[in-house]
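Counting convention: from 1, in listed order, for ligands and their atoms alike.
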Amino acid sequence: MRRALIAGNWKMNLDRGGAEALARALVEGTSEVNDRDILICPSFPLIPAVYAVVKGSNVWLGAQNMYFEKKGAFTGEVSADMLKSVGAEWVILGHSERRHIFKEDDELINKKVKSAIDQGLKPILCVGELLEERESGKTEDVVKRQVVEGLKDISVSDVLKVTIAYEPVWAIGTGKTATPEDADSIHSLIRSILKDMYSEEVSQKTRILYGGSVKPENIDSLMAKENIDGALVGGASLKAESFLRIIKFQ
Ligand code: PEP
């Protein structure tokens, strides 16, 4: 039985006061929620302030990106150790905005996933196709390539530390959601890729989140699907009321 994970990606939003207030509302609103994991990922400079609020609560803390090197002349980058030192335990990697705006490729993302695991952060590897890839029938090839390349040279014991998020790019921030059936079928494809790469056990134990315009109105039907183990939420994670409703899916 996979434990659900509801993760909020705050992207480049909120100032310090807004981040602290939202984190406080989430901590208070989830004090009795013990049967699922809850994660928030603020932007880098806000992590210490948010950590002070969520420490000891039911809310996990993560980052939205990191660099794979441990230290050195990499202006503007942050390492896994730096993130851990300010309270982050998770990191989102390969988000479509990193892939498409910042031109991160599978090789770089794979280095980041390996570095996160080596340094004790729990990675969420994001995969998903563009609209034109979906329309030209390439969804399965794109998702397969991103999973296989993203997990290249990662051992069985390490891959069990990875969460995968399927986020069709055309559904992110657009209000368009994949139907629960479409999402479930891609999640099932990802499980079969994991089975081929590793084993039935890895395929069954790995959590696969759905992301792309998840809202209070669609979370219950998404979570009812067998292969959907949680959600990676952008816009709707920025308001306590909507994110708490998503966290409390039925
Ligand atoms: C995301 O950024 O990961 C995301 C899914 O955004 P939204 O929920 O706003 O579509």
Side-chain angles (χ1 to χ4, degrees), residues 4-14 18-19 22 26 36-44 46-47 50 59-66 88 90-104 109 112-113 116 121-131 133-134 139 142-143 146-147 150 162-180 182-184 186-187 190 207-223 225 227-249:
L5 167 62
I6 303 292
N9 173 11
W10 292 357
K11 308 194 184 186
M12 199 173 74
N13 292 299
L14 302 171
L22 177 54
L26 296 173
R36 55 201 68 186
D37 289 327
I38 304 153
L39 168 67
I40 51 178
C41 299
S43 44
F44 292 141
L46 303 179
I47 290 175
V50 172
V59 180
W60 293 92
L61 184 59
Q64 301 167 18
N65 184 28
M66 53 163 263
W90 295 72
V91 62
I92 299 170
L93 296 173
H95 188 277
S96 68
E97 287 146 23
R98 301 299 318 171
R99 290 180 188 266
H100 300 293
I101 303 174
F102 300 101
K103 309 293 176 213
E104 292 194 8
I109 294 161
K112 292 185 178 195
V113 174
L121 282 180
K122 295 188 256 292
I124 298 178
L125 169 65
C126 301
V127 300
E129 80 285 3
L130 296 163
L131 182 60
E133 291 167 335
R134 167 158 287 239
T139 299
V142 170
V143 169
Q146 291 176 346
V147 172
V162 178
T163 298
I164 294 179
Y166 169 58
E167 300 205 302
V169 182
W170 49 270
I172 296 181
T174 59
K176 293 182 193 149
T177 324
T179 64
D182 281 348
D184 192 61
I186 300 298
H187 286 217
I190 294 171
R207 283 195 285 201
I208 308 177
L209 315 182
Y210 170 76
S213 297
V214 173
K215 304 182 271 277
E217 297 75 40
N218 57 26
I219 186 67
D220 295 341
S221 55
L222 287 162
M223 291 306 295
K225 290 290 172 194
N227 290 297
I228 300 182
D229 306 317
L232 180 53
V233 187
S237 72
L238 292 169
K239 290 261 175 344
E241 191 187 0
S242 54
F243 196 46
L244 282 169
R245 172 62 186 87
I246 292 170
I247 290 167
K248 294 177 186 178
F249 71 84

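- Between the side chain of Lys239 and the main chain of Ala236, no donor-acceptor pair closer than 3.5 Å is present.
- Protein residues having at least one heavy atom under 4.0 Å from any atom of ligand 1 are Asn9, Lys11, His95, Glu167, Ala171, Ile172, Gly173, Gly211, Gly212, Ser213, Leu232, Val233, Gly234, Gly235, listed by chain and number.
- Counting only distance, with no hydrogens or angles, the side chain of Gln146 and the backbone of Gly128 share a donor-acceptor pair below 3.5 Å.
- Looking only at distances, no side-chain donor or acceptor of Arg98 sits under 3.5 Å from a matching main-chain atom of Gln64.
- Taking a cutoff of 4.0 Å between a charged side-chain nitrogen and a carboxylate oxygen, Lys225 and Asp182 do not qualify as a salt bridge.
- With sequence neighbours left out, the side-chain hydrogen bond (donor to acceptor under 3.5 Å, both in side chains) criterion links Thr177 to Asn218.
- Distance alone, capped at 3.5 Å, is enough to place a donor-acceptor pair between the Arg36 side chain and the Phe249 backbone.
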